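Values below: all heavy atoms of this structure, side chains included; hydrogens, waters and symmetry mates excluded. Owing to the predicted nature of the structure, the values given are computational and were not obtained by experimental measurement. Numbering of ligands and ligand atoms starts at 1, following listing order.
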Amino acid sequence: MVRGLAHESPLRSRIPMALFNRRKTTIGLDVGSGLIKVCVIDHGRGEPELAKVIITPLLADAIVEGEVMDPGIVTDAIRAALDQAGVKSRDIVTAVGGRDVIIKKIQIERVKEQQARELMRWEAEQHVPFDMESVELDFQILDPEGDGMEMSVLLVAAKRELIETKMRLLTDAGLNPAMVDVDAFALHNAFEVNHPDAMNGVVGLINIGHEVTNINILDDGVPILTRDITVGTRRFREDLQRERGLGADEADALLQGYDRSPHLEAVIESRGEEIAVGVERAAAFLASSTRSASQLRAVYLSGGGARVPGLADALGRRLRLSVELANPLANIRVRDGALDGLVTDEVAPLLMLPIGLALRKAA
Ligand SMILES: Nc1ncnc2c1ncn2[C@@H]1O[C@H](COP(=O)(O)OP(=O)(O)OP(=O)(O)O)[C@@H](O)[C@H]1O
Ligand SMILES: [Mg+2]
């Protein structure tokens, strides 16, 4: 598991934990621009067990391009989702992402963790194009047992304002963000648990959401690159409406259905191309920046857009790679009734991020 943000990290909440914290469940809250997702995982019995899933739609345009346009609508929807989940705790784990978050694998001289912490600000200045005054940093030594002169470090930097805005939204909803994760790491952690076979070589995990597609590249199980492109099911739907003359409901039914259709093929052609180019660019950037010769071996899809009938096949043909659907429930025990009212196969792809959040154990 990528440790994510270190215990002392300012990215974690500054709010102290309760004195006797015996809670064994973690509530992962994913505030997507299309759907709010809550996953509750019980860590009390050794193996994580998914205890509850709630998915609630968010009104259109409440969140646009990652920005909360209408905080009242969003906080109400978050509150409703948590009430529905039946959780009493207000401690949740959430994440930030987008262009104000950067992760980067760097090489530095081998030093102890404490010393690395001191070096990190200086290192970050070389690698992160943000003003150091307004950034929260964290890192993880990837080969702590190694004995070479250098060590690999995964550096993560997030603009402070991004974290503060997210924290404010959640405290306004009456919640306590016990931990602020990074989207790419949460996706990675859920992926790792469920697809251990994907942890060698270079593979892509592509989370196609409502507005945004996150492209994450893993090298031998280490998430070394994350990019976002603004394509998602929203664009697919708009294309179906504008170019194919479908109504919004008709378009949604096609996108969330099981059958291919000429309408879908047409929009997959153009939007699929955008996603494919995004993946190719990310892979090419990696190859040039790390001088690694390794090629992308496989691609896995998650997010609501992963379900668009025919999209995975089209990407596979275009990228000439194996492209398959990732399943965040493949290796996770699901409590009876956790998915009440939901069709498991239909919602599983949407849960990669919130499951990854809920996999974090309360400190
Ligand atoms: N069973 C389902 N119920 C609702 N929407 C679904 C379902 N299956 C697929 N979808 C599609 O998935 C989309 C939402 O996907 P997802 O939850 O991954 O996005 P999001 O996290 O809300 O968006 P983003 O990450 O871009 O902000 C919906 O807009 C819809 O088109
Ligand atoms: Mg999402």
So, is the end of the Arg227 side chain (NZ or CZ) under 6.0 Å from the ring centre of Phe285 and within 45° of the ring's axis?
yes
Would you say Glu273 and Arg318 make side-chain contact, with heavy atoms under 4.5 Å?
yes
Flag the pair Asp143 and Arg110 as a salt bridge only when some basic side-chain nitrogen lies within less than 4.0 angstrom of an acidic carboxylate oxygen.
yes
Are any side-chain N or O atoms of Asp181 and backbone N or O atoms of Ala95, one a donor and one an acceptor, separated by less than 3.5 Å?
no
Is the charged tip of Arg360 near the ring of Phe185: under 6.0 Å from the six-membered ring centre and within 45° of its axis?
no
Please tabulate, one line per pair, the protein N or O atoms found under 3.5 Å from any N or O atom of ligand 1, giving the distance to one decimal.
unit_1, atom_1, unit_2, atom_2, d
ligand 1, 8 (N), Arg307, NH1, 2.6
ligand 1, 15 (O), Gly304, N, 3.3
ligand 1, 17 (O), Lys37, NZ, 2.6
ligand 1, 18 (O), Gly304, N, 2.9
ligand 1, 19 (O), His210, N, 3.0
ligand 1, 21 (O), Lys37, NZ, 2.9
ligand 1, 22 (O), Ser33, N, 3.4
ligand 1, 22 (O), Gly34, N, 2.8
ligand 1, 22 (O), Leu35, N, 2.8
ligand 1, 22 (O), Lys37, NZ, 3.4
ligand 1, 23 (O), Ser33, OG, 3.4
ligand 1, 23 (O), His210, N, 2.9
ligand 1, 26 (O), His210, N, 3.0
ligand 1, 26 (O), Glu211, N, 2.8
ligand 1, 26 (O), Val212, N, 2.9
ligand 1, 27 (O), Ser33, N, 2.8
ligand 1, 27 (O), Ser33, OG, 2.8
ligand 1, 29 (O), His210, ND1, 2.9
ligand 1, 29 (O), Thr233, OG1, 3.1
ligand 1, 31 (O), Thr233, OG1, 3.3

Working to the nearest 0.5 Å, report the span between CD1 of Ile208 and CG of Leu311.
4.5 Å
